Amino acid sequence: MKKGNIKALVTLLSVTIIVLSTSNPISAEEAESHDDSTPPVPIFEIEGEINESPEPMPLDASLSYDPGSDSNNLRYIWSGTRGADNIEIDYHENESFALMPIGVAGTYKIRLTVFDPSLNSATLEHEIRVIDVLPQIHATFASQVISSGASIEHPDDSGPWSINATGSTDGGSEVADCEWYLDDSIWLEGCKHSIQEWPAVGFESRNVRLEVLDDDGSLSSMEFILVNEPQEDLNIPLYLALGALLIAGTLASLFRRRSNFDIPKWPSRVSGEDHMLK
């Protein structure tokens, strides 16, 4: 090999080594530039107001995404408060769906924090007002369903009789308390009782008012009437007997009057009496 060719070959190898040695830092920079430092974008929407309900409110954050990755492998953390009270939201960290109880009226704050696989995070918060719903009364009195203005008659069977308003709801949960008034005076406290005597005994009827209070302090009321059992008039036979005697006496009196009535007779004419006008 000629000396010039050897020199050219050495020069080419040197340049190749230099290029290869300088390519490693560039690759490192490029790798560093691809590290995920972009936080995800949390997204969920709710209404501004909603009525309280025994059913929880659904929360959906499925539109959340991670702009630094094509992966949907996000982690969701939900939290909520109502005033100073924390609200327990039902969810799983690897799912975007959650359920929040709304059985009590008030202003709720809901916070969603989303994490991506690189542990970058972002938080979104919304506020919603849960509106109070008046209690709905569902009650029975001596196994008879109560409705406003109804008349509840004395049952055929004997006591004790159950009175029960525990089926009432406030739109969110069971009611907090019940009060029963008899003729505008407090009678019983609590939603369920058993009574031994019919309250209307000795009365033609009595007024009852049921007041139901929910856990928000709201109140609904219902009024109905208790009717005493119909009493048979024990004097009716006496009245009938007296009436019969009166009728019999009247008929007997009329009969006697007819029997003692004498038909007047004209006086007989005297023989020889001259009735001729003179």
Side-chain angles (χ1 to χ4, degrees), residues 46-59 80-83 85-90 98-108 110 128-231:
I46 58 175
E47 299 179 12
E49 292 183 346
I50 191 172
N51 289 336
E52 65 177 341
S53 170
E55 300 297 328
M57 184 180 73
L59 301 172
T81 58
R82 185 187 65 251
D85 299 327
N86 292 323
I87 305 301
E88 184 174 350
I89 299 178
D90 184 19
L99 294 172
M100 185 183 74
I102 52 172
V104 179
T107 300
Y108 291 66
I110 307 167
I128 183 173
R129 179 171 173 257
V130 177
I131 302 172
D132 182 32
V133 176
L134 292 178
Q136 299 294 317
I137 299 178
H138 301 282
T140 59
F141 199 107
S143 300
Q144 302 181 57
V145 177
I146 301 172
S147 60
S148 183
S151 294
I152 307 297
E153 298 181 354
H154 191 295
D156 294 333
D157 58 339
S158 58
W161 300 285
S162 173
I163 55 179
N164 191 344
T166 57
S168 303
T169 63
D170 70 342
S173 59
E174 294 182 357
V175 296
D177 196 12
C178 302
E179 291 184 345
W180 306 78
Y181 291 80
L182 194 60
D183 294 335
D184 293 327
S185 297
I186 186 68
W187 177 34
L188 300 169
E189 295 184 359
C191 294
K192 187 176 183 180
H193 297 276
S194 179
I195 58 174
Q196 299 289 335
E197 298 181 358
W198 192 249
V201 171
F203 297 82
E204 182 178 349
S205 64
R206 302 195 77 175
N207 296 323
V208 179
R209 184 174 76 254
L210 168 61
E211 294 185 351
V212 174
L213 185 72
D214 68 10
D215 49 7
D216 297 309
S218 301
L219 182 144
S220 293
S221 65
M222 175 185 292
E223 295 188 9
F224 55 98
I225 299 174
L226 297 182
V227 181
N228 194 19
E229 60 182 336
Q231 299 288 338

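Note that the coordinates shown come from a computational prediction; the quantities given were computed from them, not determined experimentally.
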Any donor-acceptor pair under 3.5 Å linking the side chain of Ser220 with the backbone of Pro135? yes

Separation between CE (Met100) and CG (Asp90), nearest 0.5 Å, reads 12.5 Å

Quick one: does Val130's side chain get under 4.5 Å of Val104's, heavy atoms only?
no

Nearest heavy-atom approach of Leu134 to Leu219 is CD2-O, 4.1 Å

Correct closest heavy-atom pair for Ser221 and Glu211 would be CB-CG, 3.9 Å

Output for pair (Ile146 CD1, Glu223 CD), nearest 0.5 Å, gives 12.5 Å

Closest non-hydrogen atoms of Trp161 and Gln196, given as atom of the first, atom of the second and distance, are CZ3-O, 3.6 Å

Taking every heavy atom of Leu99 against every heavy atom of Pro101, the minimum-distance pair comes out as O-CD, 4.1 Å

Contacts of Ala200 meeting side chain to side chain contact (heavy atoms under 4.5 Å, CB included) (sequence neighbours excluded), chain-then-number -> Trp198, Arg206, Leu226, Asn228

For this session: Evaluate the side chain to side chain contact (heavy atoms under 4.5 Å, CB included) criterion for residues Met57 and Ile128: first the C-alpha distance (whole Å), next the side-chain angles of each, then the deciding distance (0.1 Å), finally the verdict.
Result: CA-CA 11 Å; Met57 184 180 73; Ile128 183 173; 3.6 Å; yes

### Task
Go through the steps to decide whether Ile163 and Leu210 satisfy the test side chain to side chain contact (heavy atoms under 4.5 Å, CB included), and finish with yes or no.
CA-CA 11 Å; Ile163 55 179; Leu210 168 61; over 6 Å; no

Give a yes or no answer on whether the side chain of Asp183 reaches the backbone of Asn207 with a donor-acceptor pair at less than 3.5 Å.
yes

d(Ile46 CD1, Ile110 CD1) to nearest 0.5 Å is 4.0 Å

| field | Step-by-step side chain to side chain contact (heavy atoms under 4.5 Å, CB included) determination, Ile195 to Trp187 | value | CA-CA 11 Å; Ile195 58 174; Trp187 177 34; 4.0 Å; yes

Closest heavy-atom pair, Ile131 versus Ala105, reported as atoms and distance to 0.1 Å, is C-CB, 4.0 Å

Mind running side chain to side chain contact (heavy atoms under 4.5 Å, CB included) on Thr140 and Ser162 for me, showing each step along the way? CA-CA 8 Å; Thr140 59; Ser162 173; 5.6 Å; no

So CD of Glu197 and OG of Ser158: to nearest 0.5 Å the spacing works out to 12.0 Å

When rounded to the nearest 0.5 Å, the distance separating OG of Ser205 from CD1 of Ile152 is 12.5 Å

Cys191 and Asp177 have their tightest heavy-atom pair at SG-C, 3.8 Å

The salt bridge (Lys or Arg N to Asp or Glu O under 4.0 Å) partners of Arg129 (sequence neighbours excluded) come to Glu49

So side-chain hydrogen bond (donor to acceptor under 3.5 Å, both in side chains) across residues 143-153, not counting sequence neighbours, yields none

